[in-house]
Amino acid sequence: MDKIKARDRIAELREILEKANEAYYQKADPIMSDREFDTLLQELLDLEMEHDLQTPDSPSVRIGGRPTKIFPNVRHPVPMLSLDNTYSPEELDDFDRRVKKLLGHNEFNYMVELKYDGMALRLRYEDGRLTLGATRGDGATGDDITPNIRTIGDIPLKLRNNISDIVEVRGEAYMNLEDFARMNNEREEAGQQVFANPRNATAGTLKLQDPRIVAQRPIRFFAYDLLLEDAEPDMTQQQKLNRLEEIGLPVCEHRDVCETINEVHNLIEKWDQKRHSYPFETDGVVVKVNQERYRSELGQTAKAPRWAIAYKFEAEQAVSTINDITLQVGRLGTITPVAELKPVELAGTTVKRATLHNEDEIRRKDIRVGDHVLVEKAGEIIPQVVKVVTPEDEPRQAAFQMPETCPKCGSKLVKLPEEVAWRCENLECPPQVRSRIEHFASRDAMDIDGLGEQIVDQLVSEELITTFADLYELTSDQLIPLERMGEKSAHNLVQAIENSKRKPFDRVLFALGIQFVGTTVARDLASAFGSIDELIRADEEALTAVDSIGPKIAGSVRLYFSDSKNLELIERLKRHGLQLEAETTEKTSSKLAGKTFVLTGTLPTLSRKQASELIEEHGGKTTSSVSKNTDFVLAGESAGSKLEKAEKLGVAVIDENAFLEIINSQ
Ligand code: IVH
């Protein structure tokens, strides 16, 4: 490439990388995969070097993005560097050779750690107390996000053993995959936008202005570096990690010292195979010279230390073809376009569908039916289309056109000016009806055991129910003829529906499925207003007076209760005896006052927890072993030695039916 062409390409690469950096760091919403970023960055580095076109403001020199304006900035006394990356075993060998050559010996070893895929944090403890939590920012200056950091349970506010006046800790904030999935489900249920992966969720959360919201998100932390006032030159990374643990900071258990680079290769191979079994996301390993003394000798470049390298695992991507683009209708009518793919193996599962998020996203990536696409597991959970890779000489089909009507019910689709998604506003649209009922029955809502997707599907298509209020009128005779439903499971389902009537008011409120009302908001509303009638009466001002409620949620609540159909539904739930008032802390009754229960075996419809909650609500208590002081043994199927003991001591043994009769008696 001649110098003029190189200059153009460099300008182009710088612009792309700037944009990618901004999307990643400032907006916490990446526009390309790490792999793509690294490839482009490498191309830029090579071109700048070859044509001697380096500049100090090039993204090849600057680390990451600039700190954002909304938090106070804080200078890092020791810069927070980045790491050099590689994907190839050969380059790892090059790194090993370079280190040996620079040191002039091989009297060191390596500490190998997992590379946690989250957000880098700097913590400062003065006299053993947390005084600062900051982001990396551009490496020299970051955001002071201390109030947010204080909400992270893994991070001690006070060190267990103080070891120095000033202790600086570096580490990574992240989210466990399970917590991430649970949080996203809740968001989806509340009609909020879901996060693409745990890293974005972590970065997005830590940049929020309200620490109370941060406190509700499942952020975790691993420490990986310790900086002390009086550096101890003989210290090793291994000792630092042990020291971090001793002072009360969480350190990842997956770490190992390797004597040679071959041992490092073997360890990487082992960890690569296990990477999907870790509860958090990892995108590779970090190989670090263990001895502090040699680290200072090796020093650093403008961007990264010479004593460490990140070896990235191959991204979990695969190429497939889009057979069709279909539309999914959510509980609140939100339309999500989905790519129906030619099945492809990806990270151990067969992927057949990938979310395309919304119409804008399809347009931005210009995704069309028939395209070859690069598919990636985002957060290793939801497959996504990264980009189109259809060869340029291959003819393509017409651009995707959003239909004007709902594919499931034919009503006209609408799009509100401030929203990205189209919506079907027909409340009778079958998938919406089904998912409203599924939501109502789900674990965090009414927790109706046995009312899964397939049963709801049958109940709706057999026209046995059209709303969740209809559930309370179902009889076992109506259920028995359904597929995979016997007499016993029909009876159990009716009983489980009956039991759900005792769920507290805040659960019922969440179960209604009002947009933006997730479990937390439901709890806050329930305790602020105390009853559904008060809540229905509440105006915008009264609603926004509640701590966690802003105009958006308030608007949504008002809208829900202004619809006469919803009020009718609530009246029916009331008639069926659901809890539409918050419980006072007083006991429901004192029927079991002074009585001691022991639970054993599996009860047909109540879980152990539900049974002991009921006992407590009615004034009784539960203990774990049978004695002469036990009044009742509540026994289910496969009851064991406790039952024998009860019989021996002459303690009354009752089954679930008898128990429910006692507490339901007048
Ligand atoms: S050591 C001089 N160890 O990777 C930098 N970093 O690309 C020393 N990271 O933002 C970093 N896991 O937040 C180190 N076990 C680990 C890590 C780790 C994740 C992140 C770190 C940094 C990025 C560097």
Side-chain angles (χ1 to χ4, degrees), residues 20-21 24-25 28 30 33-35 37-38 41-42 59-60 62-65 67 76-87 95 99 110-123 133-140 142-143 145 149 154-155 168-175 197-200 202-203 206 219-227 236-238 240-241 244-245 249-258 264 267-268 271 275 278 280-290 292 294-296 298-313:
N21 256 341
Y24 185 102
Y25 288 100
S33 70
D34 284 3
R35 178 84 196 241
F37 182 88
D38 292 340
L41 182 62
Q42 192 59 52
S60 62
R62 283 216 346 266
I63 311 157
H76 305 311
V78 178
M80 293 182 74
L81 298 176
S82 180
L83 286 170
D84 283 333
N85 280 333
T86 175
Y87 292 88
F95 164 77
V99 170
Y110 289 117
M111 172 58 102
V112 187
E113 293 165 25
L114 280 177
K115 187 169 189 298
Y116 327 114
D117 201 8
M119 175 165 163
L121 290 185
R122 170 185 156 216
L123 311 177
T135 67
R136 182 167 66 157
D138 64 2
D143 287 332
I145 54 165
I149 299 304
D154 275 353
I155 297 179
E168 286 258 349
V169 176
R170 305 263 162 106
E172 195 87 355
Y174 68 98
M175 267 184 206
N197 56 47
R199 184 191 51 214
N200 286 12
T202 306
L206 290 176
I219 308 255
R220 319 255 349 208
F221 180 76
F222 276 138
Y224 55 65
D225 205 1
L226 172 68
L227 285 71
T236 60
Q237 174 71 7
Q238 196 174 12
K240 277 191 195 177
L241 294 176
L244 281 164
E245 264 188 317
L249 281 142
V251 170
C252 181
E253 58 178 315
H254 302 283
R255 53 182 202 261
D256 234 327
V257 174
C258 290
V264 176
L267 190 64
I268 290 178
W271 284 359
R275 62 187 283 209
Y278 301 129
F280 50 85
E281 280 220 331
T282 161
D283 56 345
V285 302
V286 187
V287 183
K288 308 176 180 180
V289 169
N290 199 7
E292 190 63 42
Y294 301 138
R295 288 189 185 186
S296 27
L298 289 162
Q300 62 204 44
T301 65
K303 181 176 161 278
R306 291 199 189 85
W307 46 263
I309 191 162
Y311 181 93
K312 296 276 202 91
F313 295 138

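Start at 1 and go down the list; that is how both ligands and their atoms are numbered.
Shortest contact from atom 9 (N) of ligand 1 to any protein heavy atom: E172 OE1, 3.6 Å. With hydrogens left out, the protein atom closest to atom 8 (C) of ligand 1 is L83 CD2, 4.1 Å, a heavy atom. Of the protein's non-hydrogen atoms, the one nearest atom 11 (C) of ligand 1 is Y224 CE1, 3.7 Å.
For ligand 1 and L81, the ligand atoms under 4.0 Å from any heavy atom of the residue are 2 (C), 5 (C). Interface of A120 with ligand 1, defined as ligand atoms under 4.0 Å from a residue heavy atom, comprises 10 (O), 13 (O). Short contacts between ligand 1 and R136, defined as distances under 4.0 Å to a heavy atom of the residue, involve ligand atoms 10 (O). Annotation for ligand 1: atoms under 4.0 Å from non-hydrogen atoms of L114 are 12 (N), 15 (N), 16 (C). Ligand-side atoms of ligand 1 in range of K288: 1 (S), 3 (N), 14 (C), 16 (C), range being under 4.0 angstrom from any heavy atom. For ligand 1, the atoms sitting less than 4.0 Å from at least one non-hydrogen atom of P305 are 2 (C), numbered in the order shown with element in parentheses. Of all the atoms in ligand 1, the ones that sit under 4.0 Å from a non-hydrogen atom of V286 are 3 (N), 15 (N), 16 (C), 17 (C).
Judged purely by atom type and a 3.5 angstrom limit, R295 uses its side chain to pair as donor or acceptor with the backbone of V289.
Nearest heavy atom pair, residue R136 against residue H76, reads O-NE2, 3.3 Å. The two atoms that bring M80 and T135 nearest to each other are SD-O, 4.2 Å, heavy atoms only.
A distance of 8.5 Å separates CG in L241 from CG in N290, rounded to the nearest 0.5 Å.
Contacts between K115 and ligand 1, counted as non-hydrogen atom pairs separated by less than 4.0 Å, involve both the backbone and the side chain. Here Y116 has heavy atoms under 4.0 Å from ligand 1 in both its backbone and its side chain.
Using the six-membered ring where Trp is involved, F222 and Y116 have ring planes that are tilted, between 30° and 60° apart.
You'll find the side chain of Y110 reaches within 4.5 Å of the side chain of V99, heavy atoms only. The side-chain heavy atoms of D225 and Q237, taken from C-beta on, include a pair separated by under 4.5 Å.
Using a 4.0 Å cut-off between a side-chain N of Lys or Arg and a carboxylate O of Asp or Glu, E113 and K240 do not qualify as a salt bridge.
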